[in-house]
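Just below is one structure, and these are the notes that go with it.
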Amino acid sequence: MASVADEFAVTIPLAGDRLVGVVHGAGRSARGLLVIVGGPQYRVGSHRQFLQLARFLAKRGIPVMRFDRRGMGDAEGESRHFTEAEADICAAIDAFMAHSPGLESVVLWGLCDAASAAMLYAPGDARVESLILLNPWVHTETGQARAYLRHYYTKRLVSRGFWRKLMTGRMGLLKSLRSFAGVFGRAYMGRTETAEAGGEETPGLVPMLHGCLARFDGGLCVITSEDDMTAAEFRDLVADSRQWRTLMCARQAEFHLIPGANHTFSRRPWKDEVARLTLAWMRRD
């Protein structure tokens, strides 16, 4: 059984900067899990799951390394876009293998833009055996708008609370119609106004991700949240695109949907399910 005593910090030199990582349960298996950090995150709250996941797996014989890439957490250097994380991931894998004797391959684990960073990196490194992707970031104005129409507005239209507010005048009908028209325009009429929710759009990201996955020979485990627009946009992308469906079938991707979960799987039952699915994937033949 692994314990906190089995954890140790490592520094990872990279182009004049130092990254910081923590290794859990080194030397316990030939297959290890590398947890990639996405955008700026707190060490407490929902994102404490990275530590909890690492300890959970280490206790069950799976070596894990968490690390801060440049500009994040305790790492030095300037923050870079997730599409520029290749050198950081490579340096982290080097360090993980150096500090975990017997490690032969790694599985990349990432949430949101970290999942997308893993997809972009994977085909260029033979040491990457497979990917565990949680709510991958595939944002486009059109994709986000269609996800809102399908998942957000549909729920509102069947909600008693929505109609009660509308009938009692507590909701502005004109404002609601304008909001709906704006989303519909972005989804189906080519309008590109700034979306009401979501984040930065990366031009060409979706075809770039598709191309990288097409060149990657390893396995894919995709875990998505039911109550999350980022996850909904990814699921819609796969459902609507023959190219993406074909790709996922060719990769024999394993898909899991966690009912009720939000973007960061912030409640204990959701985090526990992510941990269970991750362990099952790491133990597969």
Side-chain angles (χ1 to χ4, degrees), residues 1-12 19-29 31-69 72-75 82 85 88-89 92-93 95-96 99-100 103 106-118 129-137 221-228 230-231 254-284:
M1 297 284 286
S3 66
V4 175
D6 295 308
E7 302 172 5
F8 56 90
V10 298
T11 56
I12 308 167
L19 315 184
V20 177
V22 178
V23 178
H24 302 256
R28 294 176 174 270
S29 172
R31 177 190 291 158
L33 185 78
L34 182 71
V35 177
I36 303 172
V37 174
Q41 296 161 355
Y42 293 101
R43 297 185 183 279
V44 294
S46 60
H47 288 294
R48 188 169 172 78
Q49 66 176 297
F50 301 148
L51 169 63
Q52 295 167 338
L53 175 68
R55 288 179 175 172
F56 172 85
L57 294 173
K59 285 180 180 179
R60 290 155 180 82
I62 308 296
V64 182
M65 189 171 93
R66 305 176 288 122
F67 78 103
D68 291 333
R69 55 189 178 88
M72 301 290 180
D74 292 318
F82 72 86
D88 301 72
I89 297 173
I93 295 175
F96 192 13
H99 290 91
S100 189
L103 198 61
V106 296
V107 177
L108 303 184
W109 187 104
L111 168 67
C112 193
D113 61 351
S116 301
E129 179 230 59
S130 61
L131 305 175
I132 301 177
L133 311 173
L134 289 79
N135 299 332
W137 177 258
C221 176
V222 182
I223 303 172
T224 61
S225 303
E226 181 183 39
D227 189 19
D228 175 53
T230 298
E254 187 174 294
F255 281 85
H256 301 278
L257 175 67
I258 298 185
N262 60 14
H263 182 64
T264 56
F265 306 93
S266 59
R267 292 185 179 176
R268 184 61 182 269
W270 304 334
K271 288 190 288 186
D272 287 349
E273 182 64 4
V274 168
R276 185 191 71 78
L277 291 170
T278 300
L279 178 62
W281 182 262
M282 296 298 294
R283 283 181 169 174
R284 80 198 189 290

What residues form a side-chain contact (heavy atoms from CB on, under 4.5 Å) with S100, not counting sequence neighbours? A26, P63, F96, L103

Suppose we screen for side-chain contact (heavy atoms from CB on, under 4.5 Å). Which residues come up paired with A115, at least two apart in sequence or across chains? L133, P136

Could you walk me through whether R284 and E129 pass salt bridge (Lys or Arg N to Asp or Glu O under 4.0 Å), step by step? CA-CA 12 Å; R284 80 198 189 290; E129 179 230 59; 3.0 Å; yes

Between E226 and G260, is there a donor-acceptor pair closer than 3.5 Å when you use the side chain of the first and the backbone of the second? yes

Spatial distance of atom CH2 (W109) from atom SG (C221) [nearest 0.5 Å]: 11.0 Å

When you measure from the side chain of Q49 to the backbone N and O of T264, does any donor-acceptor pair fall under 3.5 Å? yes

Out of the candidates R55, K59, R66, only one should pair with E7 under the salt bridge (charged side-chain N to carboxylate O under 4.0 Å, His left out) rule; please name it. R55

Quick one: does R60's side chain have a donor or acceptor within less than 3.5 Å of a partner on F56's backbone? yes

When you measure from the side chain of R69 to the backbone of L19, do you find a donor-acceptor pair of N or O atoms at a distance under 3.5 Å? no

Would you say the side-chain atoms of N262 and S225 include a donor-acceptor pair closer than 3.5 Å? no

Check: N135 side chain, H263 main-chain N or O, donor-acceptor pair, under 3.5 Å: yes

With V10, which residues qualify under side-chain contact (heavy atoms from CB on, under 4.5 Å), at least two apart? F8, I12, V23, M65, H99

With side chain to side chain contact (heavy atoms under 4.5 Å, CB included) as the criterion, how do T224 and F255 come out once you've worked through the C-alpha distance, each side chain's angles and the decisive distance to 0.1 Å? CA-CA 8 Å; T224 61; F255 281 85; 5.7 Å; no

My understanding is that only residues two or more places apart in sequence, or in another chain, count here; which of them pass side-chain hydrogen bond (donor to acceptor under 3.5 Å, both in side chains) with R267? none

For S116, the side-chain hydrogen bond (donor to acceptor under 3.5 Å, both in side chains) test, sequence neighbours excluded, returns none

Using a 4.5 Å cut-off on heavy atoms from C-beta on, say whether the side chain of V107 contacts that of R31. yes

So, taking the atom named CG in L108 and the one named CG in L34, what distance separates them when rounded to the nearest 0.5 Å? 6.0 Å

The residue among L277, L257, L111 that forms side-chain contact (heavy atoms from CB on, under 4.5 Å) with I223 is L277

Calculate, to the nearest 0.5 Å, the distance between atoms CZ and CG belonging to F265 and D272 respectively. 12.5 Å

Residues in side-chain hydrogen bond (donor to acceptor under 3.5 Å, both in side chains) contact with W270, at least two apart in sequence or another chain: none

I'd like to know if the side chain of D74 reaches the main chain of V20, judged simply by a donor and an acceptor atom lying under 3.5 Å from each other, with no hydrogens or angles considered. no

Separation of L33 CG from I36 CD1 (nearest 0.5 Å): 9.5 Å

With rounding to the nearest 0.5 angstrom, report the OG1 to CE distance, T278 to M282. 8.5 Å

What are the two closest heavy atoms between F67 and V35, and how far apart are they? CD2-O, 3.5 Å

Interatomic spacing from CG in L134 to SG in C112 - rounded to 0.5 Å: 10.0 Å

Non-hydrogen side-chain atoms of L53 and V64 separated by less than 4.5 Å: no

Going by atom types alone, do T230 and W137 pair a side-chain donor with an acceptor below 3.5 Å? no

